[in-house]
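First the structure, in the form of C-alpha coordinates, and then the observations on it.
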Amino acid sequence: MHKVELAEDGSSLSLSLRGSGTLRFHAIWLRDNAMDAETRSAENGQKLIALRDLPEEISIGSAKIAEDTLEVKFQPEDKTVNFSIDWLVRHSYDGKERKPDGWISGGIETWDCGLQDAVPTASLPEVQNDRVALRNWLCGVAQYGFGKLVNGPVEDQALMKVVDLFGYVRETNYGRHFEVRTEVNPSNLAFTGLGLQAHTDNPYRDPVPTIQVLYCLKSTAAGGENMVVDGFRAAQRLRDENQVWFDVLSKYCACFEYSGEKGVVLRSRRPMIELSPDGELTAVRFNNRSAAAITDVPYESMATYYQAYRRLGEIIDDESMEVTFRLDPGECFLVDNTRVLHARKSYSGSGTRWLQGCYADKDGLYSTLASLEASPLAAAE
Ligand code: FE2
(Lines give C-alpha, C1' and ligand atoms only; values in the text may rest on other atoms or scores of the structure.)
Protein backbone atom coordinates (compact mmCIF):
# COMPACT_ATOMS: atom_id res chain seq x y z
CA MET A 1 0.00 0.00 0.00
CA HIS A 2 1.28 3.49 -0.85
CA LYS A 3 1.46 6.01 1.97
CA VAL A 4 1.28 9.79 2.06
CA GLU A 5 2.58 12.10 4.76
CA LEU A 6 2.19 15.88 5.02
CA ALA A 7 4.89 18.30 6.07
CA GLU A 8 3.92 20.02 9.32
CA ASP A 9 3.23 23.35 7.62
CA GLY A 10 1.47 21.74 4.65
CA SER A 11 4.02 23.13 2.18
CA SER A 12 4.82 19.69 0.79
CA LEU A 13 3.93 16.03 0.97
CA SER A 14 5.89 12.85 0.91
CA LEU A 15 4.65 9.87 -1.09
CA SER A 16 5.98 6.48 -0.01
CA LEU A 17 5.55 4.05 -2.86
CA ARG A 18 5.29 0.36 -2.36
CA GLY A 19 8.71 -0.99 -3.19
CA SER A 20 10.06 2.10 -4.92
CA GLY A 21 11.09 4.68 -2.35
CA THR A 22 9.77 8.05 -1.35
CA LEU A 23 9.07 11.07 -3.52
CA ARG A 24 8.49 14.56 -2.19
CA PHE A 25 6.27 17.15 -3.92
CA HIS A 26 5.70 20.81 -3.08
CA ALA A 27 2.17 22.12 -2.60
CA ILE A 28 2.67 24.85 -5.21
CA TRP A 29 4.02 22.35 -7.77
CA LEU A 30 1.10 20.00 -7.25
CA ARG A 31 -1.45 22.78 -7.48
CA ASP A 32 0.19 24.19 -10.62
CA ASN A 33 0.02 20.75 -12.22
CA ALA A 34 -3.59 19.99 -11.35
CA MET A 35 -5.46 18.34 -14.22
CA ASP A 36 -8.97 19.47 -13.28
CA ALA A 37 -11.14 21.20 -15.88
CA GLU A 38 -10.72 24.64 -14.28
CA THR A 39 -6.92 24.43 -14.37
CA ARG A 40 -6.28 22.71 -17.69
CA SER A 41 -8.34 22.41 -20.85
CA ALA A 42 -9.62 18.89 -21.37
CA GLU A 43 -9.67 19.55 -25.12
CA ASN A 44 -6.16 20.72 -25.91
CA GLY A 45 -4.33 20.19 -22.61
CA GLN A 46 -3.41 23.87 -22.35
CA LYS A 47 -3.31 25.56 -18.98
CA LEU A 48 -6.22 27.89 -18.23
CA ILE A 49 -4.69 29.74 -15.30
CA ALA A 50 -1.49 31.69 -14.64
CA LEU A 51 0.67 31.30 -11.58
CA ARG A 52 -0.60 34.66 -10.32
CA ASP A 53 -4.05 33.08 -10.01
CA LEU A 54 -2.77 30.72 -7.32
CA PRO A 55 -2.31 31.87 -3.72
CA GLU A 56 1.32 32.50 -2.81
CA GLU A 57 0.78 31.02 0.66
CA ILE A 58 -0.71 27.81 -0.66
CA SER A 59 -0.67 24.70 1.50
CA ILE A 60 -1.95 21.16 1.55
CA GLY A 61 -4.77 20.83 4.07
CA SER A 62 -5.14 17.08 3.69
CA ALA A 63 -4.09 14.25 1.40
CA LYS A 64 -5.16 10.64 1.07
CA ILE A 65 -4.64 7.72 -1.25
CA ALA A 66 -7.41 5.70 -2.85
CA GLU A 67 -5.99 2.86 -4.96
CA ASP A 68 -3.78 4.53 -7.57
CA THR A 69 -4.98 8.07 -6.98
CA LEU A 70 -3.70 10.73 -4.63
CA GLU A 71 -6.40 13.11 -3.45
CA VAL A 72 -5.11 16.48 -2.28
CA LYS A 73 -7.04 19.33 -0.68
CA PHE A 74 -5.40 22.72 -1.15
CA GLN A 75 -5.85 25.67 1.20
CA PRO A 76 -6.88 28.45 1.28
CA GLU A 77 -8.77 27.59 -1.94
CA ASP A 78 -10.39 24.61 -0.25
CA LYS A 79 -9.97 22.86 -3.59
CA THR A 80 -9.69 19.09 -4.00
CA VAL A 81 -7.62 17.69 -6.87
CA ASN A 82 -6.89 14.09 -7.82
CA PHE A 83 -3.51 13.00 -9.17
CA SER A 84 -2.68 9.70 -10.80
CA ILE A 85 0.18 8.18 -8.82
CA ASP A 86 1.61 6.81 -12.04
CA TRP A 87 1.70 10.35 -13.46
CA LEU A 88 3.40 11.64 -10.29
CA VAL A 89 6.07 8.95 -10.52
CA ARG A 90 6.73 9.76 -14.18
CA HIS A 91 7.00 13.49 -13.46
CA SER A 92 8.82 13.38 -10.14
CA TYR A 93 11.73 15.76 -9.58
CA ASP A 94 12.89 14.57 -6.17
CA GLY A 95 16.34 13.00 -5.86
CA LYS A 96 17.63 13.96 -9.29
CA GLU A 97 21.36 14.45 -9.21
CA ARG A 98 23.34 16.63 -11.57
CA LYS A 99 25.00 14.54 -14.25
CA PRO A 100 28.49 15.33 -15.57
CA ASP A 101 28.51 18.15 -18.13
CA GLY A 102 28.01 16.91 -21.67
CA TRP A 103 25.39 14.28 -20.86
CA ILE A 104 23.17 13.27 -23.71
CA SER A 105 19.43 12.86 -23.59
CA GLY A 106 17.87 9.39 -23.81
CA GLY A 107 16.93 8.21 -27.27
CA ILE A 108 20.12 9.64 -28.76
CA GLU A 109 22.91 7.27 -29.68
CA THR A 110 26.28 8.68 -30.66
CA TRP A 111 28.31 6.97 -33.37
CA ASP A 112 31.51 6.82 -35.35
CA CYS A 113 32.53 4.96 -38.51
CA GLY A 114 31.00 1.82 -37.02
CA LEU A 115 27.61 3.09 -38.18
CA GLN A 116 28.74 2.89 -41.83
CA ASP A 117 26.61 -0.18 -42.63
CA ALA A 118 23.62 0.82 -40.53
CA VAL A 119 22.76 4.32 -41.81
CA PRO A 120 19.03 4.95 -41.31
CA THR A 121 17.87 4.57 -44.90
CA ALA A 122 14.42 4.37 -46.43
CA SER A 123 12.71 4.63 -49.78
CA LEU A 124 11.06 8.03 -50.35
CA PRO A 125 7.92 6.60 -52.03
CA GLU A 126 7.57 4.12 -49.19
CA VAL A 127 7.80 6.66 -46.36
CA GLN A 128 5.39 8.91 -48.28
CA ASN A 129 2.75 6.18 -48.25
CA ASP A 130 3.44 4.08 -45.19
CA ARG A 131 3.19 5.71 -41.77
CA VAL A 132 4.97 2.87 -39.99
CA ALA A 133 7.89 3.11 -42.43
CA LEU A 134 7.96 6.88 -41.92
CA ARG A 135 7.91 6.46 -38.15
CA ASN A 136 10.78 3.97 -38.27
CA TRP A 137 12.89 6.21 -40.48
CA LEU A 138 12.22 9.35 -38.41
CA CYS A 139 13.02 7.36 -35.28
CA GLY A 140 16.44 6.53 -36.78
CA VAL A 141 16.98 10.17 -37.71
CA ALA A 142 16.17 11.25 -34.14
CA GLN A 143 18.49 8.61 -32.73
CA TYR A 144 21.49 9.17 -35.00
CA GLY A 145 20.95 12.76 -36.18
CA PHE A 146 20.87 11.91 -39.86
CA GLY A 147 19.26 9.65 -42.43
CA LYS A 148 19.23 8.86 -46.11
CA LEU A 149 16.36 8.48 -48.58
CA VAL A 150 16.55 6.65 -51.90
CA ASN A 151 14.29 6.02 -54.93
CA GLY A 152 13.11 9.64 -55.10
CA PRO A 153 12.25 11.46 -58.32
CA VAL A 154 14.98 13.16 -60.32
CA GLU A 155 13.27 16.50 -60.77
CA ASP A 156 13.70 20.12 -59.79
CA GLN A 157 12.54 20.85 -56.19
CA ALA A 158 12.12 17.17 -55.34
CA LEU A 159 13.69 17.96 -51.97
CA MET A 160 10.44 19.70 -50.98
CA LYS A 161 8.80 16.26 -50.93
CA VAL A 162 11.29 15.28 -48.23
CA VAL A 163 10.44 18.29 -46.07
CA ASP A 164 6.72 17.59 -46.61
CA LEU A 165 7.21 14.32 -44.73
CA PHE A 166 7.59 16.13 -41.42
CA GLY A 167 7.37 19.90 -41.58
CA TYR A 168 8.07 23.11 -43.40
CA VAL A 169 10.91 24.69 -45.28
CA ARG A 170 12.83 27.38 -43.47
CA GLU A 171 13.40 30.13 -46.00
CA THR A 172 16.56 32.20 -45.68
CA ASN A 173 18.38 34.85 -47.69
CA TYR A 174 19.57 31.94 -49.85
CA GLY A 175 15.93 31.35 -50.82
CA ARG A 176 13.57 28.44 -50.17
CA HIS A 177 16.29 26.21 -51.54
CA PHE A 178 19.84 26.64 -52.84
CA GLU A 179 21.78 25.06 -55.68
CA VAL A 180 25.05 23.19 -55.18
CA ARG A 181 26.54 22.68 -58.63
CA THR A 182 30.10 21.53 -59.19
CA GLU A 183 31.72 21.16 -62.61
CA VAL A 184 34.84 19.08 -62.26
CA ASN A 185 37.24 19.13 -65.22
CA PRO A 186 40.97 18.61 -65.51
CA SER A 187 41.76 22.36 -65.59
CA ASN A 188 40.09 23.16 -62.30
CA LEU A 189 40.31 19.76 -60.66
CA ALA A 190 42.91 21.03 -58.24
CA PHE A 191 40.46 23.59 -56.95
CA THR A 192 37.05 21.97 -57.07
CA GLY A 193 38.49 18.57 -56.31
CA LEU A 194 39.35 19.68 -52.82
CA GLY A 195 37.27 18.18 -50.10
CA LEU A 196 35.52 20.37 -47.57
CA GLN A 197 36.14 20.08 -43.85
CA ALA A 198 33.13 18.73 -42.03
CA HIS A 199 31.02 21.56 -40.68
CA THR A 200 27.61 22.55 -39.44
CA ASP A 201 25.78 24.95 -41.72
CA ASN A 202 25.10 28.62 -41.05
CA PRO A 203 26.28 28.95 -37.44
CA TYR A 204 25.96 32.73 -37.97
CA ARG A 205 22.16 32.45 -37.84
CA ASP A 206 20.28 32.76 -34.61
CA PRO A 207 18.72 30.28 -34.31
CA VAL A 208 20.64 28.05 -36.70
CA PRO A 209 18.65 26.00 -39.20
CA THR A 210 18.12 22.76 -37.32
CA ILE A 211 17.57 20.46 -40.31
CA GLN A 212 19.38 20.46 -43.62
CA VAL A 213 18.33 18.40 -46.64
CA LEU A 214 20.72 17.78 -49.55
CA TYR A 215 19.15 16.15 -52.60
CA CYS A 216 21.11 14.79 -55.55
CA LEU A 217 19.88 15.48 -59.10
CA LYS A 218 23.04 14.72 -61.06
CA SER A 219 26.27 12.98 -60.22
CA THR A 220 28.69 11.98 -62.95
CA ALA A 221 32.02 12.90 -61.33
CA ALA A 222 33.94 10.15 -59.61
CA GLY A 223 34.50 10.82 -55.93
CA GLY A 224 32.76 13.69 -54.18
CA GLU A 225 31.08 11.36 -51.70
CA ASN A 226 29.20 12.85 -48.81
CA MET A 227 30.54 12.44 -45.35
CA VAL A 228 28.97 12.97 -41.94
CA VAL A 229 30.46 13.14 -38.44
CA ASP A 230 28.59 12.98 -35.16
CA GLY A 231 29.41 16.27 -33.43
CA PHE A 232 28.08 14.90 -30.14
CA ARG A 233 30.52 11.99 -30.29
CA ALA A 234 33.33 14.42 -31.14
CA ALA A 235 32.44 16.61 -28.14
CA GLN A 236 32.27 13.57 -25.86
CA ARG A 237 35.65 12.41 -27.12
CA LEU A 238 37.16 15.83 -26.44
CA ARG A 239 35.71 15.74 -22.92
CA ASP A 240 37.09 12.27 -22.29
CA GLU A 241 40.53 13.35 -23.50
CA ASN A 242 40.68 16.68 -21.72
CA GLN A 243 37.94 18.07 -19.48
CA VAL A 244 39.50 21.54 -19.45
CA TRP A 245 39.34 21.73 -23.25
CA PHE A 246 35.71 20.63 -23.25
CA ASP A 247 34.90 23.21 -20.59
CA VAL A 248 36.57 26.08 -22.39
CA LEU A 249 34.66 25.42 -25.64
CA SER A 250 31.36 25.13 -23.81
CA LYS A 251 31.88 28.00 -21.39
CA TYR A 252 32.90 30.72 -23.83
CA CYS A 253 31.18 31.94 -26.96
CA ALA A 254 32.72 31.82 -30.40
CA CYS A 255 31.59 34.36 -32.99
CA PHE A 256 30.32 33.59 -36.48
CA GLU A 257 29.56 35.95 -39.32
CA TYR A 258 28.39 36.01 -42.91
CA SER A 259 28.18 39.21 -44.89
CA GLY A 260 28.91 37.85 -48.35
CA GLU A 261 26.05 39.54 -50.13
CA LYS A 262 24.58 43.04 -50.28
CA GLY A 263 22.22 43.87 -47.45
CA VAL A 264 23.11 40.81 -45.36
CA VAL A 265 25.14 40.93 -42.14
CA LEU A 266 24.42 37.80 -40.14
CA ARG A 267 26.21 37.47 -36.81
CA SER A 268 25.94 35.17 -33.84
CA ARG A 269 27.74 34.71 -30.57
CA ARG A 270 27.37 31.15 -29.36
CA PRO A 271 29.66 28.41 -28.00
CA MET A 272 31.06 25.68 -30.26
CA ILE A 273 29.81 23.17 -27.71
CA GLU A 274 26.48 24.25 -26.27
CA LEU A 275 25.13 22.89 -23.00
CA SER A 276 21.80 23.47 -21.31
CA PRO A 277 21.92 25.00 -17.81
CA ASP A 278 21.97 21.48 -16.36
CA GLY A 279 24.85 20.36 -18.55
CA GLU A 280 23.02 18.51 -21.33
CA LEU A 281 24.86 18.61 -24.65
CA THR A 282 22.41 20.42 -26.90
CA ALA A 283 24.34 21.66 -29.93
CA VAL A 284 27.66 21.74 -31.72
CA ARG A 285 28.71 24.56 -34.05
CA PHE A 286 31.80 24.08 -36.15
CA ASN A 287 32.49 25.97 -39.36
CA ASN A 288 35.87 27.51 -40.06
CA ARG A 289 34.63 29.42 -43.12
CA SER A 290 32.20 31.53 -41.13
CA ALA A 291 34.31 31.93 -37.99
CA ALA A 292 34.69 35.55 -36.90
CA ALA A 293 37.21 36.91 -34.40
CA ILE A 294 36.70 35.30 -31.01
CA THR A 295 36.46 38.09 -28.46
CA ASP A 296 34.67 36.52 -25.50
CA VAL A 297 37.44 34.35 -24.15
CA PRO A 298 39.50 36.01 -21.39
CA TYR A 299 43.14 36.67 -22.23
CA GLU A 300 44.27 34.06 -19.68
CA SER A 301 42.18 31.34 -21.37
CA MET A 302 42.69 32.15 -25.06
CA ALA A 303 45.73 29.91 -25.58
CA THR A 304 43.86 26.99 -23.99
CA TYR A 305 40.81 27.82 -26.09
CA TYR A 306 42.83 27.55 -29.30
CA GLN A 307 44.35 24.23 -28.17
CA ALA A 308 40.85 22.91 -27.54
CA TYR A 309 39.53 24.30 -30.86
CA ARG A 310 42.45 22.67 -32.74
CA ARG A 311 41.90 19.32 -31.02
CA LEU A 312 38.15 19.36 -31.69
CA GLY A 313 38.98 19.92 -35.38
CA GLU A 314 41.44 17.01 -35.34
CA ILE A 315 38.83 14.72 -33.82
CA ILE A 316 36.31 15.82 -36.47
CA ASP A 317 38.91 15.14 -39.22
CA ASP A 318 39.73 11.68 -37.84
CA GLU A 319 38.60 9.12 -40.42
CA SER A 320 37.47 6.77 -37.66
CA MET A 321 34.72 9.31 -36.90
CA GLU A 322 33.20 9.50 -40.37
CA VAL A 323 30.44 7.74 -42.22
CA THR A 324 30.58 8.22 -45.98
CA PHE A 325 28.10 7.49 -48.73
CA ARG A 326 27.57 8.33 -52.32
CA LEU A 327 24.39 10.06 -53.42
CA ASP A 328 23.03 9.02 -56.79
CA PRO A 329 20.35 11.04 -58.58
CA GLY A 330 17.04 10.75 -56.69
CA GLU A 331 18.80 10.17 -53.38
CA CYS A 332 19.20 12.58 -50.52
CA PHE A 333 20.29 12.85 -46.95
CA LEU A 334 19.11 14.91 -44.05
CA VAL A 335 21.08 16.01 -41.00
CA ASP A 336 20.27 17.48 -37.62
CA ASN A 337 22.38 20.58 -38.16
CA THR A 338 22.74 21.17 -34.42
CA ARG A 339 24.54 17.86 -34.05
CA VAL A 340 25.84 16.20 -37.21
CA LEU A 341 28.55 17.80 -39.33
CA HIS A 342 28.64 17.19 -43.07
CA ALA A 343 31.21 17.50 -45.82
CA ARG A 344 32.02 16.53 -49.35
CA LYS A 345 35.02 14.33 -50.07
CA SER A 346 37.43 15.21 -52.85
CA TYR A 347 36.88 14.28 -56.51
CA SER A 348 39.05 11.93 -58.46
CA GLY A 349 37.71 12.48 -61.99
CA SER A 350 35.82 14.92 -64.19
CA GLY A 351 32.08 15.35 -64.43
CA THR A 352 29.15 17.22 -62.96
CA ARG A 353 27.50 17.13 -59.59
CA TRP A 354 24.22 18.88 -58.93
CA LEU A 355 22.55 18.94 -55.55
CA GLN A 356 19.72 21.05 -54.20
CA GLY A 357 19.66 21.91 -50.52
CA CYS A 358 17.20 23.46 -48.12
CA TYR A 359 16.65 23.99 -44.42
CA ALA A 360 13.79 23.02 -42.14
CA ASP A 361 13.09 22.89 -38.41
CA LYS A 362 13.58 19.82 -36.28
CA ASP A 363 10.74 20.58 -33.88
CA GLY A 364 8.43 19.62 -36.77
CA LEU A 365 10.32 16.37 -37.26
CA TYR A 366 10.08 15.49 -33.56
CA SER A 367 6.41 16.48 -33.52
CA THR A 368 5.63 14.23 -36.49
CA LEU A 369 7.57 11.38 -34.91
CA ALA A 370 5.84 11.75 -31.51
CA SER A 371 2.47 11.92 -33.20
CA LEU A 372 3.18 8.80 -35.27
CA GLU A 373 4.42 6.98 -32.18
CA ALA A 374 1.19 7.84 -30.38
CA SER A 375 -1.03 6.82 -33.27
CA PRO A 376 -2.90 3.49 -33.09
CA LEU A 377 -1.61 2.47 -36.53
CA ALA A 378 2.02 2.69 -35.47
CA ALA A 379 1.31 1.14 -32.07
CA ALA A 380 -0.55 -1.78 -33.66
CA GLU A 381 2.45 -2.85 -35.69
FE1 FE2 B 1 27.34 22.72 -45.74
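For reference, positions follow the sequence shown, starting with 1.
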For the student: nearest non-hydrogen atoms of [X] and [Y], plus distance:
X      : Y      : result
Val4   : Leu70  : CG2-CD1, 3.9 Å
Phe232 : Thr338 : CE1-O, 3.9 Å
Ala34  : Val81  : CB-CG1, 3.6 Å
Asn202 : Pro209 : CB-CD, 3.8 Å

Going by an N to O cut-off under 4.0 Å, is there a salt bridge joining [X] and [Y]?
X      : Y      : value
Arg135 : Glu373 : no
Asp36  : Arg40  : no
Glu77  : Arg31  : yes
Glu241 : Arg311 : yes
Asp278 : Arg98  : no
Asp94  : Lys96  : no
Asp112 : Arg237 : no

(request) Would you verify whether the NZ or CZ of Arg270 falls within 45 degrees of the ring axis of Tyr252 while also being under 6.0 Å from that six-membered ring's centre? (result) no
Without swapping roles, check the side chain of [X] against the backbone of [Y] for a donor-acceptor pair under 3.5 Å.
X      : Y      : result
Asp130 : Ala133 : yes
Arg233 : Thr110 : yes
Ser11  : Asp9   : no
Asn287 : Pro203 : no

Between [atom1] on residue [X] and [atom2] on residue [Y], distance to nearest 0.5 Å:
X      : Y      : atom1 : atom2 : answer
Leu30  : Leu13  : CG    : CG    : 5.0 Å
Leu334 : Tyr215 : CG    : OH    : 13.0 Å
Gln128 : Leu165 : CD    : CG    : 6.0 Å
Leu134 : Glu126 : CG    : CD    : 10.5 Å

Is the distance from the ring center of [X] to that of [Y] below 6.0 Å?
X      : Y      : result
Tyr305 : Trp245 : no
Phe146 : Trp111 : yes
Phe286 : Phe256 : no
Tyr258 : Tyr174 : yes

(request) Could you give me the CA-CA distance, side-chain angles and deciding distance for Asp32 and Leu54, then say whether side-chain contact (heavy atoms from CB on, under 4.5 Å) is met? (result) CA-CA 8 Å; Asp32 191 37; Leu54 301 179; 4.2 Å; yes
(message) Would you call the rings of Trp29 and Tyr93 parallel, tilted or perpendicular, taking 30° and 60° as the class edges?
(response) tilted
(message) Angle between ring planes, Tyr306 versus Tyr309, binned at 30° and 60°: parallel, tilted or perpendicular?
(response) tilted
(request) Using only heavy-atom distances, determine whether the side chains of Ser320 and Asp318 contain a donor-acceptor pair under 3.5 Å. (result)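 Yes, side-chain donor-acceptor contact under 3.5 Å.
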Within 6.0 angstrom of [X] [atom1], more than 12 heavy atoms from elsewhere:
X      : atom1 : result
Glu57  : CD    : no
Glu280 : CD    : yes
Arg269 : CZ    : no
Glu155 : CD    : yes

